[in-house]
Amino acid sequence: MAKKNKTPLGIFTESIGLYFSNFEKFIKYMTFPVLGQVTGLLIIFSLLLFYSNNMPNLINKFPTLANFNTLFIIGILIVLPGLILFTKSFWEYLVAYGAINSMLENMLKSGKVYDFDAHTELIKRRSIPFIGLWMLFGIYTLFFMIPLISWIPCIVMGVYFVLIFQVFTYEPELSPIGCLKKSFQLINGHFASTFMLMALVGALTYILIPEIINTFCEIAGLSNILAKFSEPLVKMLPIMELNNFLISFKLKPISINSASLFFVSVFIAQIFIQYTLPLRTILWGMWYRELNGSLPKQTEVSKTKRSTKKPSEKLMKESHKKFTSKKLDKNILKRVMEKDED
């Protein structure tokens, strides 16, 4: 029976259904990567604020602290715990880009997702090429930060290279450069549909959901409470210099309270944008499967090649050995690829 092609709108709605049907599990899976980053940053800035406010008193009591090198070393030691927590959680967040793609097969078969550790292991086993892929993505981001001149070319590139993490997960034999080439090959001829999907999922996860949460926080009074706590951090920003610039153009200056409320709204929005990473990843994983299935098939394949396991299956087998060697559930990797019977 021939595979029925899915429309971009159909893929969009199905990805939303898969995400929310496994919402509780995804929330648990993303909590450390998301809140770990938030907690790490709060620890860093809170300790730095405390350190800077008490530095004059410390120097008076301990004159040896007046040395710049000593102050710098102490500053590094103070932020180190928060930096370690932030780095660890940020790495787990990056790994989720690939791991959730690996979970997609289960979700499409049974509508459920399970054995998160096994899927995460498949990505971590390829840490070096994964970091290489993120370095390429970082170069692209730097170009995008150049005002106006590179925005249109970068947006076009972003559409063509949107499937690089899906290619990385499903075709582990490809190098980071190979992932870029394969993503371009998949999107070529489907630019408009891909751009439409980007607009839909972007509007939902970057605008609509964060705006709903922020509105709820404002109505409940939570935004004002958080703004009071954030004022000491906001005061560290060059608000006065910014206001002088605005006044020179006869614009209304910004108050500390309004700046704090803006900081809180951005902060809350960023948390929920990160929590919706699984939804975006599911959507692009399904789009990859759809486009990859439309590519011309190789007509001549030897019997030897037919019987050879896919690279992803080899990685799964290797991960299986690693997990069973630690005396974990021997069926954990097997269940990853099987339909959930519950």
Side-chain angles (χ1 to χ4, degrees), residues 1-27 29-30 96-116 119 122 155-171 174 179-213 272-297 310 312 336-342:
M1 184 175 174
K3 175 187 172 184
K4 184 179 180 181
N5 292 335
K6 297 179 180 179
T7 64
L9 186 58
I11 286 176
F12 176 67
T13 55
E14 186 175 354
S15 64
I16 293 174
L18 289 172
Y19 172 71
F20 282 104
S21 63
N22 294 279
F23 183 74
E24 182 182 355
K25 294 180 180 179
F26 280 128
I27 288 294
Y29 178 65
M30 296 301 299
Y97 272 80
I100 295 170
N101 284 310
S102 180
M103 302 170 195
L104 182 58
E105 189 69 26
N106 300 133
M107 286 185 279
L108 292 176
K109 287 180 178 179
S110 64
K112 299 181 181 179
V113 61
Y114 38 88
D115 289 340
F116 286 90
H119 294 288
L122 290 177
I155 290 172
V156 174
M157 288 172 57
V159 175
Y160 276 111
F161 298 142
V162 72
L163 297 180
I164 56 175
F165 296 105
Q166 284 66 40
V167 176
F168 178 86
T169 304
Y170 299 128
E171 304 185 41
L174 295 180
C179 292
L180 294 176
K181 292 179 179 178
K182 182 59 182 288
S183 179
F184 183 90
Q185 180 187 10
L186 290 167
I187 301 301
N188 193 27
H190 303 277
F191 184 90
S193 297
T194 305
F195 184 79
M196 184 184 74
L197 279 174
M198 289 184 72
L200 287 172
V201 75
L204 177 64
T205 62
Y206 287 95
I207 299 175
L208 182 59
I209 292 177
E211 188 63 28
I212 291 173
I213 300 299
F272 283 90
I273 286 171
Q274 292 194 0
Y275 264 117
T276 54
L277 170 67
L279 195 161
R280 295 188 293 274
T281 305
I282 292 169
L283 180 142
W284 294 125
M286 295 178 65
W287 190 231
Y288 164 87
R289 289 166 58 91
E290 183 68 24
L291 297 185
N292 196 49
S294 66
L295 290 178
K297 305 297 182 181
K310 296 179 180 179
S312 57
V336 172
M337 304 302 293
E338 291 180 350
K339 180 177 179 180
D340 188 6
E341 298 297 338
D342 296 337

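Predicted model, so just to flag it, every value in this text is computed and none were measured. The chain is numbered in sequence order, starting from 1.
The closest donor-acceptor contact from the side chain of N101 to the backbone of T169 lies at 3.5 Å or more, if one exists at all. One N or O on the side chain of S21 and one on the backbone of L18 form a donor-acceptor pair closer than 3.5 Å. One N or O on the side chain of R280 and one on the backbone of I273 form a donor-acceptor pair closer than 3.5 Å. With hydrogens and angles ignored, the 3.5 Å screen pairs a side-chain donor or acceptor of T13 with a backbone N or O of L9.
Side-chain atoms of M196 and F12, non-hydrogen and from C-beta on, never get closer than 4.5 Å to each other. Side-chain contact between V167 and F161 is absent, with no heavy-atom pair separated by less than 4.5 Å. The shortest distance between side-chain heavy atoms of W284 and M198 falls below 4.5 Å. No side-chain heavy atom of K181 sits under 4.5 Å from any side-chain heavy atom of L174. Counting only heavy atoms from C-beta outward, the side chains of T194 and W287 approach each other to under 4.5 Å. No side-chain heavy atom of T276 sits less than 4.5 Å from a side-chain heavy atom of F272. You'll find the side chain of Y288 reaches within 4.5 Å of the side chain of E171, heavy atoms only. Side chains of Y29 and M103 form a contact here, defined as non-hydrogen atoms less than 4.5 Å apart.
When the shell of 6.0 Å around CZ of F195 is examined, it contains 12 or fewer heavy atoms from other residues, nucleotides or ligands.
When all heavy atoms of V159 and I187 are compared, the pair lying nearest together is O-CG1, 3.6 Å. In terms of heavy-atom proximity, G285 sits nearest to L104 at C-CD2, 3.4 Å. Across A99 and H119, no two heavy atoms sit closer than the pair O-CB, 3.7 Å. Between V201 and T205, the closest heavy-atom pair is O-OG1, 2.7 Å.
Ring geometry for F26 versus Y19: interplanar angle under 30°, hence parallel rather than tilted (30 to 60°).
Remark: R289 is not positioned above the aromatic ring of Y170, lacking an NZ or CZ atom under 6.0 angstrom from the ring centre and at most 45 degrees off the axis.
Atom CD1 in I209 sits 12.0 Å away from atom CD in E211 (nearest 0.5 Å). Rounding to the nearest 0.5 Å places CZ of F23 at 10.0 Å from CG of L279. We find the CD1-CE distance between I282 and M107 to be 4.0 Å, quoted to the nearest 0.5 Å. How far CG of N106 is from NZ of K112: 12.0 Å, rounded to the nearest 0.5 Å.
Paired with P278 under the rule side chain to side chain contact (heavy atoms under 4.5 Å, CB included), one option of V113, L283, I100 passes, and it is I100.
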